[in-house]
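FYI, the numbering just counts along the sequence from 1.
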Amino acid sequence: MQLHSFFNSSTSYRVRIALALKGVAFEVLPINLRKQEQRAAGYVAINPSAGVPLLTDGDFSLSQSLAIIDYLDATHPTPRLIPQDARERARVLELSDAIACDIHPVNNMRILRYLQEELGATEAQKNAWYHHWIREGLTAVETLLARHGHGAYCFGDAPTLADCCLVPQVANAQRMGCDLSAYPNALRVYAHCTAQPAFQQAAPANQPDYVK
């Protein structure tokens, strides 16, 4: 397998966590989002979304992190990251979507770049935008964890898709200087996950394209 990835991309980070948890060997093919390499014609030809991650498995290529992790669950089912039980699955997807659909899309790099380069937002305004949507989104995540979370991870004593989504989002919020003190459940899960070898292996600082 090959994974087109950027070390600081939270969506790439999600997939790297899933691959590490499943013990799947893969080659990282770096795509530098800061240099907009994702918009190169050759890359767009294989990934019309013009983003990362992109997983290649033989002659099969797939973009979108949640679709990739679902594919990995089907092809490498141990450990399962999306439960098969209907209610457990629904809870995991609910929290995962709260991050992947509500927080990430309005705070990713291309949105922040558009705010500044096209709409003329200042650095302070960009940061205010980012912090606002982190507050909105993590407040919902914290409530879901308080109501339904249990065990060392988001939902139980084994990692799920929810943890694959939560860890990168918390890491990015910390990097952007957000005050996360109002989210003790999210921080507890984050601390537990990042102490585990698979999560450490997937961390941005341990990627071949990492730069400070």
Side-chain angles (χ1 to χ4, degrees), residues 1-84 89 92-93 95-97 99-101 103-114 158-172 175 193-194 196-212:
M1 285 193 183
Q2 295 177 317
L3 181 70
H4 291 80
S5 170
F6 180 59
F7 77 96
N8 238 9
S9 155
S10 61
T11 50
S12 298
Y13 194 176
R14 294 171 196 163
V15 174
R16 295 195 306 260
I17 293 169
L19 288 163
L21 288 168
K22 293 175 177 293
V24 177
F26 65 99
E27 177 188 7
V28 173
L29 301 178
I31 298 292
N32 192 324
L33 300 187
R34 293 173 182 169
K35 296 180 179 179
Q36 301 204 57
E37 291 178 354
Q38 76 278 13
R39 299 199 176 277
Y43 184 69
V44 174
I46 59 172
N47 183 7
S49 296
V52 291
L54 176 73
L55 182 78
T56 300
D57 184 13
D59 61 355
F60 180 75
S61 293
L62 183 65
S63 65
Q64 300 298 330
S65 62
L66 301 193
I68 292 171
I69 294 172
D70 182 61
Y71 171 75
L72 292 172
D73 250 10
T75 57
H76 298 79
T78 304
R80 286 201 66 84
L81 298 176
I82 305 173
Q84 291 179 309
R89 177 185 179 89
V92 166
L93 292 176
L95 192 141
S96 300
D97 287 348
I99 294 170
C101 300
I103 303 175
H104 173 262
V106 293
N107 272 353
N108 66 29
M109 187 180 294
R110 66 180 179 175
I111 298 300
L112 300 180
R113 180 181 284 125
Y114 187 86
T160 66
L161 175 64
D163 303 284
C164 295
C165 290
L166 181 126
V167 166
Q169 188 60 72
V170 170
N172 274 1
R175 182 171 55 84
C193 287
T194 54
Q196 309 308 312
F199 286 84
Q200 293 172 354
Q201 178 184 330
N206 293 325
Q207 302 315 302
D209 58 332
Y210 172 74
V211 291
K212 291 185 178 180

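Contact check for F6 versus Q207: no side-chain heavy atoms found under the 4.5 Å cut-off. Counting only heavy atoms from C-beta outward, the side chains of R110 and Q36 never approach each other to under 4.5 Å. Residues V28 and F7 fail the side-chain proximity criterion, which asks for heavy atoms closer than 4.5 Å. Within the 4.5 Å cutoff, side-chain heavy atoms of V15 are placed close to those of L3. Annotation: side chain of I111 is not in contact with side chain of N107 (no heavy-atom distance under 4.5 Å). At least one side-chain heavy atom of I17 sits under 4.5 Å from a side-chain heavy atom of P168. Put simply, the side chain of R175 reaches to within 4.5 Å of the side chain of N8, judged on heavy atoms. In this structure the side chain of D163 reaches within 4.5 angstrom of the side chain of F199, judged on heavy atoms.
For residues 42-68, every residue pair satisfying the ring-ring contact (aromatic ring centres under 6.0 Å, His included) rule, not counting sequence neighbours, is listed here: H4-Y43, F60-Y71. Among residues at least two apart or in separate chains, side chain to side chain donor-acceptor pair (under 3.5 Å) pairs with a member in residues 22-34 are Q2-E27, K22-D73.
To the nearest 0.5 Å, the span separating CG on L161 from CG on L95 amounts to 9.0 Å. A distance of 9.0 Å separates CG of L62 from CG of D70, quoted to the nearest 0.5 Å. The line from CG of L55 to OG of S12 is 11.0 Å long, rounded to the nearest 0.5 Å. Here R39 contributes atom CZ and N47 contributes atom CG; the two are 11.0 Å apart, rounded to the nearest 0.5 Å. The CG atom of L29 sits 9.0 Å away from atom CG of L54, with the distance rounded to the nearest 0.5 Å. The CZ atom of R89 sits 7.5 Å away from the CZ atom of R80 when rounded to the nearest 0.5 Å.
Looking at every heavy atom in both residues, Q64 comes nearest to S49 through NE2-OG, 3.5 Å. Here the closest heavy-atom approach between residue V44 and residue A50 is recorded as CG2-CB, 4.0 Å. Residues P105 and I99 come closest through the heavy atom pair CD-O, 4.2 Å.
Residues passing the side chain to side chain donor-acceptor pair (under 3.5 Å) test with Q201, sequence neighbours excluded: none.
Side-chain atoms of N108 never come within 3.5 Å of backbone atoms of L112 as a donor-acceptor pair (strictly under, hydrogens ignored).
Of the residues listed (L81, L21, V24), the one engaging H76 in a side-chain contact (heavy atoms from CB on, under 4.5 Å) is V24, and it is the only one.
Residue-environment remark: CZ (R113) exceeds the threshold of 12 foreign heavy atoms within 6.0 Å.
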